[in-house]
Every structure is written in C-alpha cells, then in structure tokens.
Amino acid sequence: MVSRSEKHTDVVIVGFGWVGAIMARELTQAGLNVVALERGPRRDTWPQGAYPSSIDELTHNTRHALFLQPSQSTVTVRHRESDVAAPYRQLAAFLPGTGVGGAGLHWSGCHWRISPAELRLRSHYEERYGKDFIPQDMTIQDWGVSYEELEPHFAFAESVFGTSGQAYKVNGKIVGDGNPFDADRSTPFPLPAMKNTYSAELYSKAAAECGYHPFRIPSANASQAYTNPYGCQMGACTFCGFCSGYACYNYSKASPNVNIFPALERESRFELRAECDVLKVETDSSGKKATGVIYRTSKGEEVRQTADIVILASFAYNNPYLLLLSRIGQPYDPKTGEGTVGRNFVYQNESGVTLFFGQDKFTNPFIGAGGNGVAIDDFNADNFDHGPLGFVGGAPIWVNQAGSKPISSATVPKGTPQWGAHWKKAVKDNFQHTISIHAHGTNMAFRDCYLSLDPTYSDTAGRPLLRITFNWHDNDVKMIRYVTDRMADIGRAMKPESMSIETKEFGEEFDLRHYQTTHIAGGAIMGTSPKDSVVNRYLQHWEVPNLFVIGSSAFPQGIGYNPTGTVAALAYWSAKAIRERYLKSPGPMVQA
Amino acid sequence: MKRRLLPVLAGAICVLQSSGAYADNADLIKRGAYVAVLGDCEACHTAHDGKYLAGGLALQSPLGAIYSTNITPDRNTGIGTWSYDDFVRLMRRGIRKDGSSVYPAMPYPSYSKMTDEDLQALYAYLTQGVAPVSLKNRAPDIPWLLSARWPLAIWRLLFAPSPAPPLPSASYDETPDALVERGRYLVEGPGHCGSCHTPRNLVLAEKAQTATDGPKYLSGGFIVDNWVAPSLRSDDVGGLVGWTSEDIVAFLKTGRNRYGATFGAMNGVIAHSTSLTNDHDLAAIAAFLKTLGPPPGVSVETFRYDDAVSRQLFAGKMPSEGAKIYVDRCAACHRTDGRGYPGVFPPLAGNPVLQGPDATSAAHIILSGGRLPGVSAAPSSLVMGSYREVLDDQQIADLVTFLGQSWGNHGAAMTAPQVAKIRQATTDERRPAGD
C-alpha cells in the first residue's frame, strides 16, 4: 500500500551506479530537478574504502561486503525451458552490485570502447560471411547506433573516468603503440598508460613473438593524479591489488562516488535517496506514459514519486525485471519468438591458462590493478577471418594482473591434492611463480536464453523473482576453444615449467558455483525496430517515450570487452538526445 | 574603482526606477551575506548538524566549554530585538544588549575594525536575510565564580580598549597598494585571522592586533582544539615564505594547493568563508600576507629538499622505526620521496606543519585523520583515515619524529607521552577530523 507521495520532480532515476550518476549530472546541468533512488545504502571512499580495513579479503571477497545479498533479493536460474528454476542462494558466478555507486564502486577498472563491427554485428557478419553463416537460433542483431555517433561520448566518459591508456590512432593519425585494431579516436587518453607488471611484460614479448599485436589495456585506475572536467580528483594508483570487490582507498579507481558524486552533491537540483527499493514503474491509463515509480523505504513504507521522465539505471538484469514487474511492453516468448522484454539475455564466455614457473622466477602476483595489463585483440570482434572457423564472436586475450589476494589466489598445478600438507606445500611453492592469461570472450544471443518472472519463488515484497534461463551453445564453446588454443601458444612461448588450461567442453552446462564475471547484459535491448527491441537507438522505450532504460541491459548480445565503457558512452549519448531533442519536443525520438 | 562601481550604479538606477527602496534593501542584504562570509560567522555560530547561525557550537576554553550564541533574528532566543546600535556595540566593544561582556572567543577586537558600511550590511542580513530559529543560548560549562562575567569587562578594558577607528576598506581599486590595503582590512578586520594565527598572552589576548603592532602578528603557534595554527608570515618555521600569492589564493579557494591541504580548525574557514570569497578579495588577502616579514630571529630561507632519506627508502633501507611505519602506512599516498601528489595527497617534504618546535598537528592528524572540505572549485572531499586504532603512542611518536627529520624538514621530535596526551584530548573528536 502506498502510504505517501513525494513532491513531483522532473526526472526520477532508478539506481545510482555509473548510469544513474551520469544521467543525474547531465540532466541537472540541463536545468531539471532530479531525484535518484538507490536500493542500497550510502557508500563512499570513507568509510567503505578506509585504509586499512578496506583491504580485508575475508570481509569483501569472501563475505561479499559490497554486493547485493541474496537474502535481500535474488534471481532464479535454470538451463532450459523444461527445468524448474532454483534460486541463486549463494553469490558465486556473478556479484550484483547495490548501494551508492553500484557495481561502479567495486568494479576492476578495465575501461574499453567497442569494436565498430560489434555495433552492427548481424549486418556485418551477413555482409562478410553471407546470410547463412549465422545459426538459425542465434538472435544477434544491430544496435541501431554507430561507433562514429558514440565516439564523442566514449571520449568524454574517458575524461570523466581519468582513463589511462595509449592511443593508437587519433583523428586518423597513428600516435603510438596502442591497439592497432582500435577504431579512430578524437582524443588521446587523458592519462598515460599504466606501467606494466613483470607478468604483462613477459606476455607482451611472447605475444609479439607469436606475431600478434600486444597493447596496454585502457584502465580507469589512474596512472597519475588527475582532476576531471567536473573538478573531481583522483590519486595515482599504487598497484595495491584491491580493486574488484573493494572500494579503492586511494581515490585511484574511477567510480561514480569519486568521479561524479562530489560535483553532483553540490547541485541543489539533485536529491539522492538511498535505501529506496523501486517496486514498479507506474503508467497512466493509456499505458503510453510513465507517471513515476513506487518505492519501498528501509522502514517498509511504500512511497510514490511522480516524475515527467523515468530513467531505469539499475543493475543489468534489474532493468528488464522492473519492466516485467510493471507490465510495460510484451514479455518475450521463446516459443513464438514474439515479445521483447527479457529477450537476448547474455553473459561473458571466458577461459584461462595458468603458467607455473620455477623457483628462480618471481612474478610478484600480489602487485596489481584491476584495469592494468597487456592484451591482444587479434582474436576479438571480427579482427580475424571467421569464415573457415564457423563461429561468431571472439575474445581479447590478456594478462590482467589484478593483484593476488591471500585467500583466493592459492593457485596450484593440476593434479595437486585439494587439501592437506601437499596442497599447502604446492601453494607455498607456486604463489610467487605463476602467471595467468585470460580470454574474455563474447556470448552470443540465442532464442532460448532469456529473462522472465519466476512462477514459483517470490521476494519479501511478494514480487515474483526474476528467472534466468541460460545455457552455453556450441557456437560459443567453439569460439572459446579456438581462442584458448591461441592463448596456450602464447603461454608456451613464455616458457613455463608447466601450464594448466581451463576451457569449455561441448555440452558443458552453465555452472553457477564458480565466479566467472558480473558482465551480464541484454533483456531490455536497443535496436532499430520495436518488434525485436525494447528501446530505440536513444535508449528510449518504444511504447513509453518518457521512459529510458539504460545500461548493459541494452546490449543486443555480448561483446568481447568489459561492458562499463560502452554503458557510460550510451548513457552520455542518451542524455545528449534528451537534452537536445526530447526536452524540446517530448515524444518518440524515432518513429516506429 | 570606477570599473566596479559603474555597473553597480547602473544597477541601482534600474532598481530605483522599478521598485525603489525594497530592491535597495535587497542589495544591502546581499552585501551583508557576503560580509557574513568574510567574517565567517557560520564557523562558530552554526553547530554540527545544527540550524544556520542558531549557535550552540561548543568552543573549548581553558576554563571549560563555552557555547556560541543564536544570531538568527528570532525575537526570543536570537537577536531579533537588537537595534543597529546594540549590534554595533557588540561588534566594536564586545558588550551585549543586556550590558554583559562576551568572552573573547568572539573576535570583536578584530570586528571593531570593520567599516560602518559593512556592519550596516551585515546587520541587514542577520536581521532580514536569515531565517529565525528558536533555540535558547546555552550557558557555558564553566564552574561558578570562574563563570562570572565581570572579569571579562576588565579584560575588555585592558586588551580591547579602542573600538575605533575602523580601517579604510572596501577599495576595489586594483593598484598594488590598494590591493594590500584591502587585504589588510579583510585579514585584520572581518577575517579575524589573528584569532588563531597570532599567539596569545597569559590572559588569552592576542599579542598583536594588527601588522603594525609588530612581528608577533600572525606568527603562529597558538593551539586551537589541539591543532597548532601555523605562522602566516614569511618565515620557514611553518610560515608562508615559499608560497606565492597564487599558492595562497589556491589554498583559500580550494583548501588545497601544491604544498598542502587544509585540516582541523581551518576546514570550516575554507568551507564557509574563503572558498566563497571572491577572487579579488582572495588576491588582496594574499598580497597583504606577502608583506609580512619573518618574526625576529627566525630564518627566511625557503625549504630545501634533501633526497638522502628517499634514496634510503627506495633502496629498502629503513633508517628508523618511524621510517618502517611510514613505508608501511603512509607512503602509498605521500610517497617514499615525501613529495605526495600535489593538490591531491599533500607533500610532507617541506610541509609547514612539519617544521618548527611543535608537532602537535602532525600527531593529531595521524590520530584523527582528516577530511578536506568539498568546495565548488574543488568538490572532492578527500579523506585521510584515522590511525588511532592502528598505531600506538610510541609508533606515532616514532613516525612524527621521522617526518620532522626527513627530506630536509626541520621539525620537532615527539615522545610517546606527548602523543598520549594528544590522544586523550582528542578521544571524543569526530573522525575523520573535519567530517
């Protein structure tokens, strides 16, 4: 029961991570009053990132201090239509964010753009490899926005994040030893690339020997002290190794809390309400206009917040979840292929190789930064000929030494007993002498991978849980096995004593029990037609034009890179459209 | 002067043509709001989480806590019934409407130098531009007998005998001399910088009220809430000899510059006063401070960096226990070369806090941490965490001693009992300090 209503506002934003912060900043600058509602608590560098308690692995990594606890809210998961989904009761495979800053507070900091070809994936593959190349059940499609259109927004987001990197090409001119597969840039990176770790140096050398094109990963861990266009300051990264899962104590990792909130907080048109869990978006009787949202406070009170514009900016799958709960748009039906909400749910498809060196080679794995490292893009996007390979997609391959923590980094060679004296000895013998290489691969969209409301389980507010139906497909297994072979070649060129390879087997099912990545996408995808997408190219809802749904939920399929850079660029792109077009003439910006 | 005056006159004429006296008064209130910023009324008259200018902030004195008063226009608990003459009597002579004398925590000896024009504007602002708040003034926590106010009258007669004349002021002329004179007015008058930065005598009177009173003026050393107020003169014992006018302006405007960052009692001054002061006035303050020579017998040499310690630390050689703690706990931000990341994490090499005979501030900031105020020109409210629960007294003493002797610093050593005393005195403080 709604017990009270808050004063009407121009814009209400659901979720205060990167997207929420970007949209709040852009729209208050446009003169609008903005209320942001965040499900989790207030968080900041102090106290969540206060040294030394912030670099406590047991609290943060093992006990998940900063993540959304399943007891508050969770999802159910199943592999296929015929299964009954079970709740995700223990965080493992992915770690959804909550609280002020969202996952942006505890991400790593790999800050990528996107390959132009990936933005028009279906058209690109059909043009290059023919109409029959894409499997029947693979529902990949074009995003409806081009790299050229997003480029200024990628550039601005990098200036806000204080991104460290080496450009390859700026305004058509080669400027340095960056990634030769990168699209043209309008600006160099705001900060120079980070220093390489020893492991990344070895990898870079070996990859070049193998004929590939190593480059330093663009990182939102500041290589130097930095002040961004909002006046927000960052300290230089110390390679302490506590990025993913932690609030950076050093102001070195870009986060909404460090890079945007200090400026936004001073803005009188902005209000942030933490611990306000949005239950649904309300529409008027026509269903064509959002009137605001209903949220629940930490005291259990239900409150109505009306607004002229509603922006969903919550964690990846929560955007489509809110649409499903609010009955906005038609839920996707895998049998008929009709409906769009929940369609094209995707993940990330990874593999790894661990190299074990002798006792005389010290790799100092405790040094690291989340976005640091060296990658090759020779097998990412469509940078290589897929014709004879028979799969869609690819993966960057990198040594991204993020800093080994004492509990989780007990890496031992295959065949080591899993406990006891031999295990302890192996941990001791190997800790200082290992290097890991990873492939961070694409996951294509398939007809039978989607989101829907669970018929069995509900949460404390009585809402049905979100149900994920997801499994691996042969295309993706083929891709990751191919890329893993290339990765192993580079690994061998690094001359380890032994090597262990983790890859996928055909028929292998999605396993929730081990951490893979939190890069979840799709479910409220953008596109060129309301028949197969939820939002148009401006992230504006096709049927409810004053509703914007922004985040990785808009990715029509998985990308090779980490999603944050593209999410930020899409947010700035959408904000620009709202500022320059929508506000002048509220209504659909693309005619269906 | 003309340049600034013309638009004001033009504005005034428009106003007269449209709505007459009301708009004139609105302008007066607006100017008064700026005078309130210059005088930093908010620093003392607004309690933590309290209503604006409603008082109630505890100010520690050697006799016990005294509480700032409600200066909102509430008629029962504030100054709503005060006439302009009542107000001026307080500001110039330290005498309240009821005839009693105020504690010298109220810097009326400085405010007495304010111009009539500024006082009129301030009175208009306080009585018409501020929301009235009903909050009763709190009696001081000073034991009976000592709490009697009559000695304050004697104090007043002895140490603040000459309420007038106000300094010439509000010149916006940009000639160097005029800039210095405007700066003198701001610093000696409304800014009341001497309240903290001038040493006080045994009965807590500032040893110099103005620059012309001699080189004790703004020479630092007074301890406020366990922070040592540094010298603002051109000396090298924590003074400003190495700072350019631009450095001073950057510090006052943003709370940070290439040499250091604000902490402790200065945080509020930055947040509520200097960050809101216009650039011309900040330049004037800097120009005036740069005219103040060193106190007698104090060197004016600028800091000279010595890289001996950084070379040792870089080679993994720890010259002392303090050095080990430094590398372990401090060097990530302040770096082994002590140069920090200027503007973000303050350099410790050459830092004014680490020069001179009293390292209280250094120990205090290690114990309590610090939070930079976020201001419009520098919104990031950077925090140094508290090490109270991380380091014991001996470790802090070793660390402070190391800091005072490294990279060319010439600061004081510290002992564990000295740290224990500061720890005790700051136990109940908000952490990080300045939060």
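Naming convention: chains lettered A, B, ... in sequence-line order (proteins, then strands); numbering from 1 in each chain.
- In Arg63(A), the CZ atom is not crowded: 12 or fewer heavy atoms of neighbouring residues, nucleotides or ligands sit closer than 6.0 Å.
- Heavy-atom contacts from other residues, nucleotides or ligands closer than 6.0 Å to CD of Gln359(A) number more than 12.
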Query raised in the report: Yes or no on side chain to side chain contact (heavy atoms under 4.5 Å, CB included) for Gln224(A) and Tyr341(B), after CA distance, side-chain angles and deciding distance?
Result: CA-CA 8 Å; Gln224(A) 296 175 1; Tyr341(B) 291 96; over 6 Å; no
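- When heavy atoms are compared at a cutoff of 4.5 Å, Tyr230(A) approaches chain B solely by way of its backbone atoms N, CA, C and O.
- For a residue to count as touching a neighbouring chain, one of its non-hydrogen atoms must lie under 4.5 Å from one of that chain's; by this rule Arg335(B) does not touch chain A.
- Taking Cys333(B), Ala332(B), Ser376(B) one by one and counting their heavy-atom pairs under 4.5 Å with chain A, the maximum is reached by Ser376(B).
- In terms of heavy atoms, Pro379(B) sits closest to Gly231(A) at CD-O, 3.4 Å.
- Using non-hydrogen atoms only and a strict 4.5 Å limit, the part of residues 251-259 of chain A facing chain B consists of Tyr251(A), Val258(A).
- If you measure heavy-atom distances from Pro52(A) to chain B, the contacts under 4.5 Å come from the side chain alone.
- Under the 3.5 Å distance criterion, the side-chain polar atoms of Gln233(A) are matched with a main-chain donor or acceptor of Gly343(B).
- Crowding of Tyr52(B) atom OH: a count of heavy atoms from other residues, nucleotides or ligands under 6.0 Å exceeding 12.
- Nearest heavy-atom pair, Arg371(B) versus Trp46(A), reported as atom, atom and distance to 0.1 Å: NH2-CE3, 3.8 Å.
- Scanning all heavy atoms of the two residues, the minimum distance from Gly235(A) to Phe345(B) falls at CA-CE1, 3.6 Å.
- Contacts between Val383(B) and chain A at a heavy-atom distance below 4.5 Å involve backbone atoms as well as side-chain atoms.
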